[in-house]
Amino acid sequence: MKKRLLCFIAALMIITAALSIAACSNNKTQYTAGQAEKVLRIDEENLGYPSVYTVSSRGRGYLLMSFIFDTLTWKDENGIIPLLAEKWDVSSDQKVWTFHLVKNAKFTDGKPLTAADVKFSFDYLKAHPHPWVYLNMIDEVKTLDDYTVEIALKQVYAPFVTDVAGNVPIMPKHIWESVKEPEKFNTPEAVIGSGPLKLAKYDKDGGTYIYEANKDYFYGKPVIDKLILSSNQNSLQALENGELDAALRLKYGEAIKLKEGGKFKVIEGPGLWVARVYFNFDIPEFNQREFRQALYYALNRQEIVDKATRNSTIIGNPGHIHPDSEWYFKDVKQYEFDPEKAKQLLDDAGMKDTNADGIRDYNGKALEYEFLVTDDKVNEAEMTKNYLAAIGIKINVKAMDQTNVDSLIKEGKFQLALSGHGSFGGDPVLLARFASKNVTVGSTPTVTAQGGRNWSSARFDQLFAEQLKQTDKAKRYEQVAELQKIIAEELPTLTLYYKKIILAYNQNKFDGWFFTKDGVAIAVPTVENKLVFVRGHWK
Amino acid sequence: MFVSASDLHVLNTVLPEETFNSFKEYYAPEKPVAEQLAIYIKNLVRFDLGSSFYYKMPVAEIIAGRIGWTLLLSFVSISISALLGIPMGLNAARRGGRGGKYLLSCFMALQSLPVFVLAIVFQLLFCFKFHIFPSGGAYTLGMNANIIDLSVDVVKHSVLPVIILVLVELPPIFSLTYNVCARTKEEPYVEMARYFNLSDRLIKFKYVLKNSLPEILSKMNIQFLYAISGILFVEVVFSYPGIGTLLKVAASSRDYPLLQGILLITGFYGVVINLIFELIIKKVNPRF
Amino acid sequence: MSKKIANKAAWAIVITMLSVGAFYPFISPYNAADFSFRPLMDPSTAHLLGTDEMGHDLLSMLLAGFRITLTIALAAALISTFIGTVLAVACAYYKNWVDTVIVKLTELFIIVPEIVVLLFFAVLAKPGVYNTILAIALFSWSKVARIIRAKSITAIEKEKIQYTLLLKGSIWHVLIKMWRELYPAVATMFIFQCSKAAVYESTLAFFGIGDPLAITWGRMIRTALNYEGIFTGGAYLWYLLPPIACVCIFVVALSVLAYDFERE
């Protein structure tokens with residue numbers, strides 16, 4: 001009897017073992033079979049259907065969409081380059097732009113891309129607001145002939161070529177003209193564009209994207225046949241096992257280990273991504289400049305960079321602009337870690353601990369706040385809690401996922417918040433997020449917007465509007481420097497750190513990766529510029 | 001599950017606007033409770049579980065895309081545990097003595113451990129230390145393979161989760177069978193059979209097992225219902241694309257409609273399991 | 001004989017763990033919230049379990065985890081055992097529809113796993129230790145109610161309790177009179193609930209629900225798993241395994257005790 005049972009268990013175990021061994025050996029043949037077809041695998045998260053309006057409004061969403069949809073201009077490692085527009089001129093008053101389109105661009109359904117599509121796309125995006133595209137400065141778009149477009153502006157807009165021409169996706173008119181609700185447009189037709197790749201499959205449950213090469217791409221035939229983006233749980237493991245050819249979602253420490261291992265090539269560059277503390281200005285004491293300054297003095301930003309982010313970031317600049325940017329101005333007010341000074345500032349502002357409970361009070365109310373953070377920043381939150389406790393301010397940490405935190409900040413449903421966002425580089429138009437709403441003429445994506453009452457300064461607004469119209473770069477730099485001084489003095493936000501971006505990849509399979517200067521479109525930091533798939537080399 | 005207007009006010013201060021509005025649309029809290037109930041039931045009958053905040057898709061659709069993997073794990077692990085546990089319990093009870101008792105206490109300890117801890121330890125050993133099994137997922141992504149390769153791939157990914165689930169599900173089945181059979185063994189008719197010098201094998205199957213089976217099955221029912229929570233956590237550790245991983249996403253993104261959909265679907269699973277077991281018990285012993 | 005040793009060992013473990021939880025400020029080498037040490041140190045005499053990636057002393061965190069985890073486990077178990085017992089006695093006392101409703105309710109918790117319901121409400125609640133305790137307590141009493149109900153129904157038939165009923169004693173009087181009969185079962189259930197609450201707590205923390213900064217074993221397990229180098233070096237030995245071992249030892253010791261109680 002006992003034997004029978006043992007036999008049964010043994011049989012089960014043998015079957016399992018046999019199956020797994022078979023699976024192991026089988027897998028190898030798959031990989032070799034996969035090499036005949038040039039498949040590139042990269043990690044990614046689930047960012048929605050990659051059409052213009054259905055994809056995630058975060059920067060990486062734009063990127064996935066840009067594989068399919070082209071723009072008039074684009075960027076590579078050295079800056080701006082022509083894409084759909086082979087050349088362009090501007091009138092002497094800087095208000096009328098004429099774009100001459102390439103003649104061989106085609107949508108993937110075979111129809112040619114013409115000036116009518118360009119005009120249609122600008123008009124459509126103006127009629128249907130998009131989180132990434134801001135077109136209020138445009139007066140009129142005219143087609144001069146099949147391959148020439150003229151865009152007239154209401155006022156001079158310095159970053160036009162990069163932030164508008166390099167940002168507006170050109171959509172096929174014959175498909176989109178009948179689309180009334182673009183947010184719900186998710187059929188295969190919604191992903192017909194002129195770009196180097198076309199969407200073959202999107203698995204919305206697993207968050208997997210399979211793109212195929214557009215062999216007729218006007219800019220050049222892509223060197224890969226297929227691009228697979230998948231949301232692996234453990235990118236490091238997947239890269240080492242050969243399940244990925246390049247990995248972006250690695251922790252900094254992991255990337256360093258890979259680099260030391262020597263098997264993979266690792267490149268790092270500016271992430272154009274900033275983490276900052278948001279104030280809700282509906283809370284009276286947050287409107288006091290001294291309070292905000294005290295908070296900044298109390299935060300040991302260097303320690304946050306070292307410990308919470310484990311050196312995967314660089315320390316934040318009080319003037320907000322990234323130190324690597326050509327617009328960076330370094331002589332602004334600095335805030336070295338100094339709790340004593342913070343305490344002094346709070347004392348002077350009349351925020352003292354009147355009831356000896358260890359928490360300062362202001363107008364009879366204790367300085368106690370809810371601190372909203374994204375769930376990947378619990379370490380930063382813990383450190384902030386300690387730093388602020390040391391100067392007599394109590395915070396209660398509430399962690400939520402990125403999407404919820406974004407929306408809560410946008411709607412002003414928070415007190416203090418710590419969050420981060422990309423689109424942080426390139427033209428200083430990004431400072432529009434500190435200008436009052438009525439002066440804002442600029443393409444800051446709404447994902448970085450803040451609800452409730454905002455900080456405002458008439459001088460800042462005026463300077464900001466002026467510099468946008470300034471086409472002389474040296475003069476504009478001076479104005480932008482002045483803006484940074486105001487930010488550093490007033491601190492409408494506390495800039496904590498800037499992320500570095502890393503890519504580890506198997507150089508024996510595919511190489512040619514580069515960092516796009518100032519990021520694609522409006523500063524989407526990336527190494528996955530779509531041009532890599534055309535210019536890169538397959539080994 | 002019903003929401004009053006005041007509850008909603010609280011949610012309004014902590015939820016993003018868009019999320020809040022879709023919530024409001026689905027529950028219609030301004031209406032009287034009876035009407036809310038009517039709307040709710042109507043929605044359920046049409047399989048309309050609302051729309052997920054996180055995925056921005058109908059909850060029913062998302063769950064339908066995932067439930068297959070969870071059912072796969074659950075049925076495979078439950079069948080293996082039953083096929084191993086019942087004979088083991090029967091044998092231990094028939095032999096009596098200390099062996100069964102020792103096994104019983106070992107299993108008891110194993111059973112009380114948190115499932116996810118067990119899963120982590122196994123993952124550590126078999127995936128990261130010895131690289132025997134893939135560390136997660138249900139299949140290799142983007143694989144361009146024929147049906148045989150694909151099924152082998154799926155089996156390979158499910159081996160470790162299934163082993164862990166069997167470890168968790170086996171002990172209660174074993175101890176249940178052991179206890180019931182140990183009692184049946186003492187029954188007069190079994191003693192009698194022994195005096196008649198019937199073969200050991202006959203006694204074991206014809207007398208002990210046959211008479212114990214209905215009771216075993218009726219209690220095993222509950223164990224299988226408990227098993228579902230184990231499955232959910234194993235899925236999370238191995239990022240297996242079933243309901244469990246969905247639950248984790250829903251929990252961390254505060255996706256209430258999705259959470260509620262998962263709650264309902266696990267309840268539904270429970271009811272179905274109950275029905276299946278009632279049928280089996282009727283088959284085995286019509287008197288029950 | 002071996003049973004006795006196991007029982008004694010279990011008692012010793014539980015008592016040691018409770019006293020560590022009670023006196024941890026005196027034995028903890030550092031303040032658990034202090035992150036001023038060099039991150040990711042290997043174990044040394046100064047830091048017996050090394051430090052984590054932020055510079056916390058891991059031993060201090062583990063010891064602090066005793067307090068929070070055990071507090072949550074004990075408090076939640078106390079409340080849930082209380083709820084379960086009262087409901088069970090109510091079944092026996094009122095019978096009829098009260099009994100039916102409560103039994104149906106416990107059956108509902110068999111069909112929908114407790115932990116899923118618990119997660120649903122823990123997510124809704126404001127994060128914090130009190131809410132974690134409440135969430136666990138409010139949704140884990142079904143087994144207590146089921147088992148105690150059976151005991152109460154036999155107990156209530158006993159003479160002295162029937163007297164109390166004749167004297168129109170309230171449910172509390174009956175509960176007090178019945179206590180002698182119910183005590184062993186309630187004690188067993190309490191121990192059982194402790195171990196369950198500890199498991200639920202670590203599960204919630206592992207899911208990242210509850211106070212994100214509370215130092216519990218569940219949170220330590222989660223942060224350890226988030227650390228990318230956990231499996232590449234030996235770090236899992238002093239970072240991941242200690243909290244896992246603590247949860248396991250605590251839970252197993254409790255179930256040994258519960259098992260012994262049950263047999264008596």
Side-chain angles (χ1 to χ4, degrees), chain B residues 1 7 10-11 14 98 101-102 104-105 108-118 120-121 123-125 127-129 135 221-223 225-233 236-237 243-244 247-248 250-256 259-260 262-274, chain C residues 2-3 6 10 107-124 126 143 146 192 195-196 198-210 217-218 221-222 224-225 230-232 236-237 240-241 243-256 258-259:
Chain B
M1 305 261 154
D7 288 344
V10 175
L11 285 180
V14 295
R98 308 191 72 139
K101 290 225 170 81
Y102 276 125
L104 204 61
S105 12
M108 197 188 61
L110 198 64
Q111 194 190 346
S112 55
L113 296 180
V115 185
F116 78 92
V117 165
L118 213 61
I120 291 168
V121 173
Q123 193 185 36
L124 166 67
L125 286 177
C127 305
F128 297 127
K129 279 281 141 194
S135 61
N221 187 1
I222 297 178
Q223 298 305 336
L225 294 176
Y226 285 149
I228 186 76
S229 50
I231 293 168
L232 298 184
F233 296 120
V236 172
V237 173
I243 299 292
L247 181 68
K248 180 156 197 227
S252 66
S253 62
R254 270 72 176 167
D255 191 339
Y256 303 104
L259 272 173
Q260 195 205 312
I262 294 170
L263 208 66
L264 281 172
I265 206 77
T266 45
F268 188 68
Y269 168 88
V271 173
V272 170
I273 290 278
N274 254 333
Chain C
S2 68
K3 280 280 169 210
E107 276 172 7
L108 195 73
F109 277 113
I110 300 180
I111 288 180
V112 185
E114 279 172 4
I115 183 74
V116 180
V117 184
L118 205 158
L119 240 137
F120 185 80
F121 284 92
V123 164
L124 278 171
K126 236 179 149 166
K143 191 167 182 181
R146 254 197 345 273
F192 181 78
S195 104
K196 197 153 86 173
V199 170
Y200 283 170
E201 188 283 320
S202 54
T203 310
L204 284 183
F206 177 66
F207 266 72
I209 297 165
W217 295 333
I221 295 173
R222 184 165 53 98
L225 287 175
I230 191 76
F231 295 126
T232 43
Y236 66 93
L237 285 176
L240 178 61
L241 289 187
I244 286 187
C246 282
V247 176
C248 294
I249 292 172
F250 181 62
V251 167
V252 170
L254 282 178
S255 44
V256 168
Y259 185 68

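Keep in mind that the numbers below use all heavy atoms, side chains included, and drop hydrogens, waters and symmetry copies. The sequence lines fix the lettering, A, B, ..., with proteins before strands; numbering per chain opens at 1. Note that the structure is predicted; figures quoted are calculated from it, not measured.
Within the model, atoms CG of B/L232 and CG of B/L247 stand 6.0 Å from one another, a figure rounded to the nearest 0.5 Å. Remark: B/L264 CG to B/I262 CD1 distance equals 10.5 Å, nearest 0.5 Å. Within the model, atoms CD of C/E201 and CG of C/L118 stand 11.0 Å from one another, a figure rounded to the nearest 0.5 Å.
Neither the backbone nor the side chain of C/L254 comes within contact range of chain B; no heavy atom of the residue lies under 4.5 Å from a heavy atom of that chain. Neither the backbone nor the side chain of B/I273 comes within contact range of chain C; no heavy atom of the residue lies under 4.5 Å from a heavy atom of that chain. Neither the backbone nor the side chain of B/L118 comes within contact range of chain C, judged by heavy atoms closer than 4.5 Å. C/V251 touches chain B through backbone and side chain together, each having a heavy atom under 4.5 Å away. Of the atoms belonging to C/Y236, it is side-chain heavy atoms, and not backbone ones, that fall under 4.5 Å from chain B. With a threshold of 4.5 angstrom between heavy atoms, B/Y269 does not approach chain C through any atom at all. The contact between C/L225 and chain B is made entirely by side chain atoms (from C-beta outward), counting heavy-atom distances below 4.5 Å.
Contacts with chain B were tallied for C/L240, C/L119, C/I244, C/V247; C/I244 has the most, counting heavy-atom pairs under 4.5 Å. Across B/I120, B/V121, B/V115, B/I228, the residue that shares the most heavy-atom pairs under 4.5 angstrom with chain C is B/I120.
Between C/W217 and C/F250, the ring planes lie perpendicular to each other; the angle is over 60°, past the 30° to 60° tilted range.
Here the closest heavy-atom approach between residue C/V112 and residue B/G267 is recorded as CG2-CA, 3.7 Å.
Between C/E114 and C/K196, at least one side-chain N (NZ, or NE/NH1/NH2) sits under 4.0 Å from a carboxylate O, which counts as a salt bridge.
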Between C/S202 and B/V117, is a side-chain contact (heavy atoms from CB on, under 4.5 Å) present by the stated rule, with each step listed? CA-CA 9 Å; C/S202 54; B/V117 165; 5.6 Å; no
